[in-house]
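Below: the structure, in structure tokens.
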Amino acid sequence: KNQVEQSPQSLIILEGKNCTLQCNYTVSPFSNLRWYKQDTGRGPVSLTIMTFSENTKSNGRYTATLDADTKQSSLHITASQLSDSASYICVVSEADSWGKLQFGAGTQVVVTP
Amino acid sequence: GAGVSQSPSNKVTEKGKDVELRCDPISGHTALYWYRQSLGQGLEFLIYFQGNSAPDKSGLPSDRFSAERTGGSVSTLTIQRTQQEDSAVYLCASSITGGRDSNQPQHFGDGTRLSIL
């Protein structure tokens with residue numbers, strides 16, 4: 001069973017609107033949680049990395065939150081742009097794991113004009 | 001370039017052949033990772049290198065898969081006697097340092113798309 005679950009699987013939003021993606025995980029012990037953006041045919045690009053003690057982290061129009069008690073994270077995209085169309089992947093690192101990452105299946109975001 | 005470089009970008013081969021995939025990490029990055037992304041599925045970890053040694057090989061799916069890293073830089077992933085289920089995108093990533101509980105960002109290449117006929 002995948003230890004990182006993302007929702008929704010996909011969504012379509014209008015350019016300029018906001019959206020929020022969800023990530024639930026069961027990975028334990030927990031080290032850190034990352035959000036990646038993956039354009040079609042390209043490798044993932046890191047957006048944010050949060051450790052246990054961090055509740056929120058921003059990278060431009062992307063804001064990630066983390067609740068380590070409930071093992072939930074969200075990624076909020078503000079004022080979406082066409083270039084935000086991509087797959088957004090939640091990734092959780094196990095503690096003591098040499099940086100080995102557990103990947104969610106991703107949320108496919110399509111921004112339309 | 002300054003990023004992680006992978007070659008070839010695409011590889012089509014017949015079932016039963018051996019293939020070699022190459023990864024050039026970012027200069028100075030000591031940690032190197034291989035992942036596999038099958039169609040419609042998330043990425044899965046294959047192997048991690050710290051320098052030239054591999055502390056974690058736990059993700060290699062079978063003994064047909066092997067990897068090496070030389071000079072603390074270039075890495076090759078070899079798949080022997082390829083099977084159709086090996087078809088996937090193979091991604092390489094590097095980070096400045098690795099080690100347990102590493103919080104360093106991993107920088108990914110664009111992958112090698114492997115198709116087994």
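Because only heavy atoms are used, hydrogens play no part in the values below, and waters and symmetry mates are left out as well, while side chains stay in. Every chain is numbered from 1 and lettered A, B, ... according to where its sequence line falls, protein lines coming before strand lines.
The line from OG of Ser46(A) to CD of Gln104(B) is 10.5 Å long, rounded to the nearest 0.5 Å. Rounding to the nearest 0.5 Å gives a distance of 9.0 Å between CD of Gln38(A) and CG of Asp110(B).
For a residue to count as touching a neighbouring chain, one of its non-hydrogen atoms must lie under 4.5 Å from one of that chain's; by this rule Gln37(B) touches chain A with the side chain only. Only the side chain of Leu91(B) comes within contact range of chain A, judged by heavy atoms closer than 4.5 Å. Neither the backbone nor the side chain of Gln102(A) comes within less than 4.5 Å of any heavy atom of chain B. Heavy-atom distances place the side chain of Ser58(B), and not its backbone, under 4.5 Å from chain A.
Heavy-atom neighbours of Arg42(A) CZ from other residues, nucleotides or ligands within 6.0 Å: at or below the threshold of 12. Within a 6.0 Å radius of CD in Glu85(B), more than 12 heavy atoms belonging to other residues, nucleotides or ligands are found. In Leu39(B), the CG atom is not crowded: 12 or fewer heavy atoms of neighbouring residues, nucleotides or ligands sit closer than 6.0 Å.
In this structure, Leu60(B) is not a member of the same hydrophobic cluster as Tyr35(B), with clusters built from ILVMFWY side-chain heavy atoms closer than 4.5 Å. The hydrophobic cluster containing Phe108(B) also contains Tyr33(B), counting ILVMFWY residues as joined when their side-chain heavy atoms lie under 4.5 angstrom apart, directly or transitively.
Note on Ser95(B), Pro105(B), Gly59(B): by heavy-atom pairs under 4.5 Å with chain A, the leading option is Pro105(B).
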